[in-house]
Amino acid sequence: MWADARQLLSGQKQSNDDVMKLMAFKSFSVTSDPHGALANWTDDSPTPCSWLGVSCSLDGRVVALNLSYAGLVGALHLPNLTALSTLRHLYLRGNSFSAADLSASTAVSCNLETLDLSSNVISNPLPPQSFFSACNSLAYVNLSRNSIPGGSLAFSPSLLQLDVSRNRISDSALLNYSLSNCQNLNLLNFSDNKLTGKLGVAPLSCKNLIVLDLSYNFFSGSIPSSFMPDSLVSLKHLDLSHNNFSGNFSSLNFGQCINLTWFSLSQNSLLDSAFPTSLRNCHLLEVLDLSHIGLEGKIPGGLFGNFKNLMRLSLSHNQFTGGIPRELGQACGTLQDLDLSSNKLTGGLPQAFTSCSSMQVLNLANNLLSGDFLDEVVSTLPSLRYLYVAFNNISGFVPLSLANCTQLQVLDLSSNGFTGNVPAGLCSSTSPLAKILLANNYLSGSVPVELGNCKRLRTLDLSFNSLSGPIPLDIWKLPNLSDLVMWANNLTGEIPEGICVDGGNLETLILNNNLITGSIPQSIAKCTNMIWVSLSSNHLTGEIPPGIGNLLKLAILQLGNNSLTGQIPPELGKCQSLIWLDLNSNDISGVLPPELANQAGLVMPGIVSGKQFAFVRNEGGTACRGAGGLVEFEGIRAERLESFPMVHSCSSTRIYSGMTVYTFANNGSMIYLDVSYNNLEGSIPENFGAMSYLQVLNLGHNKLMGHIPDSFGGLKAIGVLDLSHNDLQGYLPGSLGTLTFLSDLDVSNNKLTGPIPTGGSSIWKLSSVPEPLSINIATFEKPLRKLTFAHLLEATNGFSAESLIGSGGFGEVYKAQLRDGCVVAIKKLIHITGQGDREFMAEMETIGKIKHRNLVPLLGYCKVGEERLLVYEYMKWGSLDVSTLAGTPGYVPPEYYQSFRYPSEFGDDNNLVGWAKQLYRERRIDEILDPELMTQKSGALELQQYLKIAFECLDDRPFRRPTMIQVMAMFKELQVDSESDILDGFSLKDNNVIEES
């Protein structure tokens with residue numbers, strides 16, 4: 001009896017001791033508990049066994065603590081928990097703990113077996129005296145999804161699994177230690193870190209390793225044989241994907257490969273046209289990913305016919321040619337996921353694939369496939385859920401037999417050559433079909449009302465076809481519809497009142513470039529999930545519903561080129577995510593609401609990230625309506641867009657395409673605002689200058705009055721600013737001179753006065769300036785009558801891109817036709833420091849009297865503020881490729897103004913540029929470059945790359961020349977082998993794909 005009492009007292013004492021240690025953890029490690037996870041952890045508790053997350057043994061001792069995803073915030077003091085002598089398992093995953101102390105308690109021995117600190121905010125290096133060295137029973141450690149940069153690592157032989165993936169580890173010493181001391185490790189995961197260089201240490205002691213994941217790092221060089229299954233016999237899972245490994249794929253040795261089931265080399269550079277012969281020994285392979293590694297030739301059907309357990313095979317994004325091998329179909333009894341996309345495969349899917357009864361995902365997109373395989377083979381696959389055959393050469397009717405695939409959830413037939421009607425019977429009321437993508441085909445007829453039977457349909461994309469008639473009401477009423485995309489058709493009818501009330505809660509409504517009439521329904525205010533509305537280029541009338549201001553997720557609103565009336569609703573200023581507003585070319589009146597800038601500095605990123613888009617930028621000056629157009633570009637061929645009337649609505653356009661990525665973190669603003677070609681009155685709101693991420697602002701062709709706000713100096717990201725054709729007065733704000741990205745400024749056809757702002761970018765193109773417009777042009781022997789600066793602006797269409805005929809290091813040359821029909825060439829000089837007005841004018845008077853057979857006559861000059869313009873007699877062949885003058889070919893070079901000496905010539909008929917171009921065309925590049933710079937082969941190759949960029953900048957066609965931003969990107973690519981491009985707040989994965997002029 002007394003023994004039982006003593007045992008009870010001892011247990012109570014130990015239980016109280018556990019309470020104290022857990023309360024110490026709460027006190028020292030937890031600074032915030034927003035969800036009250038530890039609310040019942042109190043000092044007066046007799047036992048902690050009833051506390052949230054605590055598990056106890058039969059005798060009341062704490063053996064496990066699980067506070068995963070409890071929302072706790074603090075700096076972790078691990079010794080408070082390792083002091084619990086009976087604690088075996090500790091899970092603190094998914095909180096916001098930093099690391100104050102990752103050592104173990106010295107008071108008692110650490111008996112932890114499992115430690116999970118993943119998905120926290122640990123950013124310290126691992127200390128030398130950490131839990132790794134103190135906890136000798138530790139078997140499972142998960143430190144993934146933190147920001148650990150490196151540190152020290154020393155673990156005992158008890159460790160079985162170590163996961164440090166998704167950190168910032170750059171010190172290869174941690175990996176080398178793990179590979180050298182992995183006696184009992186069966187899992188080692190260093191993926192998604194910052195490790196570089198070659199794999200050095202051979203993992204000779206890793207005899208029990210089952211899973212090795214080194215993916216998503218920056219490893220380079222060849223893959224050592226010691227990391228292949230021939231050496232690591234126990235390996236089942238090997239992932240080396242997303243690195244920079246090189247070498248020949250065929251040289252890899254898989255040995256007997258008796259255990260390997262999962263192998264990925266995706267996203268490396270193992271160029272080859274042959275496969276390793278030992279790969280056929282991997283009979284147990286279930287997953288094989290060889291995508292994005294540069295393989296070419298034909299797919300070896302005999303090899304893949306060996307893999308009887310294969311469940312997932314990806315050979316996408318290579319250069320495979322020829323047909324899909326029938327042997328692959330003969331061995332696909334277990335195959336569930338086959339990805340052969342983005343190759344150059346021809347023909348169709350062999351009949352042997354009808355035996356693929358387990359196939360769930362089939363991706364054949366981006367090839368050259370043709371034929372009837374959809375009807376004859378694919379429609380027989382009973383388990384198929386996802387079918388992607390976009391961007392192929394399949395023609396004929398869309399096979400109705402695809403409805404036999406009763407499990408199908410996604411059907412993507414975009415960008416093929418399908419004709420005829422959209423099949424009416426693609427799905428029934430019980431069908432799981434959620435996406436129908438038929439964009440960019442040649443379908444005609446009406447949108448079938450039977451699609452209203454697809455009750456689970458979320459996305460319907462029929463854009464870029466020739467469909468006509470109205471969108472059936474039953475489609476508008478689909479209960480799960482979120483994406484309705486049918487732009488670039490001939491659709492008529494109206495958008496019904498009741499959208500997002502009688503049907504699903506739409507996220508994207510993209511119907512631009514159709515023939516839709518009526519007004520925008522008031523019920524659009526109920527579409528609270530809406531992120532992208534594009535109704536531009538239709539025949540819409542009526543007013544913009546103020547209820548759109550209720551759409552807090554709305555990021556893009558495009559209503560341009562309609563016949564909308566009324567005022568711009570001030571309620572739009574409540575749209576917390578709005579970054580793109582295009583209302584150009586309507587009949588909107590009233591004032592510009594200052595509320596449009598209410599969200600400046602408050603817009604959060606992410607709403608439309610990852611969307612495929614194309615931006616058609618108008619570069620034809622004031623002759624073009626609006627700054628351009630943004631279009632949804634999922635599943636559309638670039639060459640098809642090139643022939644679209646929208647691209648040819650302006651004399652010069654440029655098309656950019658890519659994926660949307662925000663350029664701000666949490667303090668964003670609108671990035672695109674175009675309300676041009678309306679009847680807006682009043683003044684420009686002062687607070688518009690607070691939109692610091694605004695890149696395009698087009699207020700042109702309205703009836704705006706007053707001054708240009710001084711606050712426009714706050715538009716630090718502005719690239720296009722069009723205030724032309726208004727009734728603005730006063731000065732151009734001097735703060736505009738500080739806007740370094742401003743490359744296109746048009747303030748023509750106003751009543752502005754005063755000086756031109758100084759500073760700004762060297763590529764600034766003033767389309768118009770204030771009242772020094774009355775300054776006359778000084779002329780010489782051939783008088784140009786009383787020309788003013790305004791005349792030259794008019795004759796060059798505001799020094800627009802289409803008037804530009806040449807450019808050099810000292811300025812740009814424009815062709816201009818004066819009102820009397822006289823054609824002249826006008827050169828805008830860059831600012832030459834140190835030269836005053838009197839010196840410049842005296843020099844021009846002297847040069848005007850000089851005659852030379854190789855000099856185009858200088859007819860006049862003009863100085864306005866810091867602008868200096870020279871007027872020449874226009875010569876028909878005075879372009880960049882037919883002149884005997886160096887410097888600026890075809891026109892007197894600026895060096896001549898300074899020194900009165902004639903520059904050197906290069907040959908009888910060529911200037912420096914022409915001479916170099918001729919040698920470049922004849923592949924005599926070595927004669928262009930200085931031999932002193934070409935002492936090393938690598939240096940010569942680099943110089944040739946720079947020379948190539950130089951010639952792109954000297955292209956005879958101005959619109960073909962890269963911008964300075966693009967030049968810098970090319971330089972950066974040469975230096976660090978990376979590329980990027982940004983346009984209007986979106987990061988571009990692809991560069992501009994089409995240019996029209």
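For this chain, numbers begin at 1 and follow the sequence in order.
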K.L.:
State, with a plain yes or no, whether a side-chain heavy atom of Thr517 is found less than 4.5 Å away from one of Thr541.
P.N.:
no
K.L.:
With side chains defined as the heavy atoms from C-beta onward, is the minimum distance between Met359 and Arg385 less than 4.5 Å?
P.N.:
no
K.L.:
Any heavy-atom pair between the side chains of Gln558 and Asn512 that's under 4.5 Å?
P.N.:
no
K.L.:
Between Phe353 and Ile324, does a side-chain contact (heavy atoms from CB on, under 4.5 Å) hold up when you go through it step by step?
P.N.:
CA-CA 10 Å; Phe353 278 82; Ile324 300 172; 3.9 Å; yes
K.L.:
Determine whether the side chains of Asn505 and Thr528 contain a donor N or O and an acceptor N or O closer than 3.5 Å.
P.N.:
yes
K.L.:
So, Ser523 and Glu497: side-chain donor and acceptor under 3.5 Å apart, yes or no?
P.N.:
yes
K.L.:
If you measure from CG on Leu451 to CD1 on Ile471, what distance do you get to the nearest 0.5 Å?
P.N.:
11.5 Å
K.L.:
Give a yes or no on whether the backbone of Phe418 and the side-chain of Asn416 come within a donor-acceptor separation of less than 3.5 Å.
P.N.:
no
K.L.:
Looking only at heavy atoms, which two atoms of Gly329 and Ser355 are closest? And how far apart?
P.N.:
O-OG, 3.1 Å
K.L.:
Mind checking the OG-CG spacing from Ser431 to Leu426? Nearest 0.5 Å is all I need.
P.N.:
9.0 Å
K.L.:
Mark yes or no for whether Asp412, through its side chain, and Leu387, through its backbone, hold a donor-acceptor pair below 3.5 Å.
P.N.:
no
K.L.:
Working note: Ser291 + Asp339, criterion side-chain hydrogen bond (donor to acceptor under 3.5 Å, both in side chains); need CA distance, chi angles, decisive distance, verdict.
P.N.:
CA-CA 9 Å; Ser291 60; Asp339 189 352; over 6 Å; no
K.L.:
Under 3.5 Å, side chain of Asn538 to main-chain N/O of Leu511, donor-acceptor pair present?
P.N.:
yes
K.L.:
Rounded to the nearest 0.5 Å, how far does CG of Leu478 lie from SG of Cys454?
P.N.:
7.0 Å
K.L.:
Where do Ser266 and His292 come nearest, in terms of heavy atoms and distance?
P.N.:
OG-CB, 4.4 Å
K.L.:
Under the side-chain contact (heavy atoms from CB on, under 4.5 Å) rule, what do Thr380 and Asn404 come out as? Steps first, then yes or no, please.
P.N.:
CA-CA 7 Å; Thr380 68; Asn404 296 335; over 6 Å; no
K.L.:
Work out which heavy atom in Met486 is nearest to a heavy atom in Leu460; give both atom names and the distance.
P.N.:
CE-CD2, 3.5 Å
K.L.:
Does Arg312 pair with Asp289 as a salt bridge, N-O distance under 4.0 Å?
P.N.:
yes
K.L.:
Using modelled atom types and a 3.5 Å cut-off, is there a donor and acceptor pairing between side-chain atoms of Asn306 and backbone atoms of Leu303?
P.N.:
no
K.L.:
Looking only at the side chains, is there a donor atom on one of Ser428 and Thr430 sitting less than 3.5 Å from an acceptor on the other?
P.N.:
yes
K.L.:
I need the Asn367 CG to Lys344 NZ distance, nearest 0.5 Å.
P.N.:
11.0 Å
K.L.:
Hey, does the side chain of Asn441 reach the backbone of Ala439 with a donor-acceptor pair shorter than 3.5 angstrom?
P.N.:
yes
K.L.:
Using a distance-only test with no angle check, is there a side-chain donor-acceptor pair under 3.5 angstrom linking Thr508 and Asp483?
P.N.:
yes
K.L.:
Side chains of Phe320 and Leu340: does their closest heavy-atom pair fall under 4.5 Å?
P.N.:
no
K.L.:
Please identify which of these residues, Ile299, Asn392, Leu364, meets the side chain to side chain contact (heavy atoms under 4.5 Å, CB included) condition with Leu345.
P.N.:
Ile299
K.L.:
Whether the side chain of Asn586 engages the backbone of Asn562 through a donor-acceptor N/O pair (distance < 3.5 Å, no angle test) should be reported.
P.N.:
yes
K.L.:
Quick one: are Leu438 and Ile436 in side-chain contact, heavy atoms under 4.5 Å?
P.N.:
yes
K.L.:
How long is the span from the OG atom in Ser401 to the CG atom in Asp375, to the nearest 0.5 Å?
P.N.:
3.5 Å
K.L.:
Set out, in order, the CA-CA distance, both residues' side-chain angles and the distance that settles side-chain contact (heavy atoms from CB on, under 4.5 Å) for Leu413 and Leu437, then state yes or no.
P.N.:
CA-CA 6 Å; Leu413 308 180; Leu437 308 175; over 6 Å; no
K.L.:
Determine yes or no for a side-chain-to-main-chain donor-acceptor pair under 3.5 angstrom, with Ser383 supplying the side chain and Ser357 the backbone.
P.N.:
yes
K.L.:
Any donor-acceptor pair under 3.5 Å linking the side-chain atoms of Lys553 with those of Asn529?
P.N.:
yes
K.L.:
Kindly say whether Leu290 contributes a backbone atom to a donor-acceptor pair with the side chain of Asn318 at under 3.5 angstrom?
P.N.:
yes
K.L.:
State, with a plain yes or no, whether a side-chain heavy atom of Val533 is found less than 4.5 Å away from one of Leu554.
P.N.:
yes
K.L.:
I want to check something: taking the side chain as every heavy atom from C-beta on, are Gln409 and Tyr386 in contact at a cut-off of under 4.5 Å?
P.N.:
yes
K.L.:
So do the side chains of Leu581 and Asp674 get within less than 4.5 Å of each other, counting heavy atoms only?
P.N.:
no
K.L.:
Could you check whether the rings of Phe307 and Phe304 sit parallel, tilted or perpendicular, using 30° and 60° as the cut-offs?
P.N.:
perpendicular
K.L.:
Distance-only, no hydrogens or angles: does the Ser358 side chain make a donor-acceptor pair with backbone N or O of Gly333 under 3.5 Å?
P.N.:
yes
K.L.:
Pair Ser370, Asn393 - check side-chain hydrogen bond (donor to acceptor under 3.5 Å, both in side chains), show working.
P.N.:
CA-CA 5 Å; Ser370 59; Asn393 297 328; over 6 Å; no
K.L.:
Going by atom types alone, do Asn561 and Ser536 pair a side-chain donor with an acceptor below 3.5 Å?
P.N.:
no
K.L.:
Does the separation of the ring centres of Phe249 and Phe275 fall below 6.0 angstrom?
P.N.:
yes
K.L.:
Using the side-chain hydrogen bond (donor to acceptor under 3.5 Å, both in side chains) rule, take Asn453 and Ser429 through it: C-alpha gap first, then chi angles, then the decisive distance, then the call.
P.N.:
CA-CA 5 Å; Asn453 295 327; Ser429 58; over 6 Å; no
K.L.:
Do you know the tightest heavy-atom contact between Gln351 and Glu376?
P.N.:
NE2-O, 3.8 Å
K.L.:
Test side-chain contact (heavy atoms from CB on, under 4.5 Å) on Leu288 and Trp262; report intermediate values, then the result.
P.N.:
CA-CA 6 Å; Leu288 178 60; Trp262 205 106; over 6 Å; no
K.L.:
So, Asn363 side chain and Ala365 main chain: donor-acceptor pair closer than 3.5 Å or not?
P.N.:
yes
K.L.:
Rounded to the nearest 0.5 Å, what separates atom CD1 in Ile499 from atom CD1 in Ile524?
P.N.:
5.0 Å
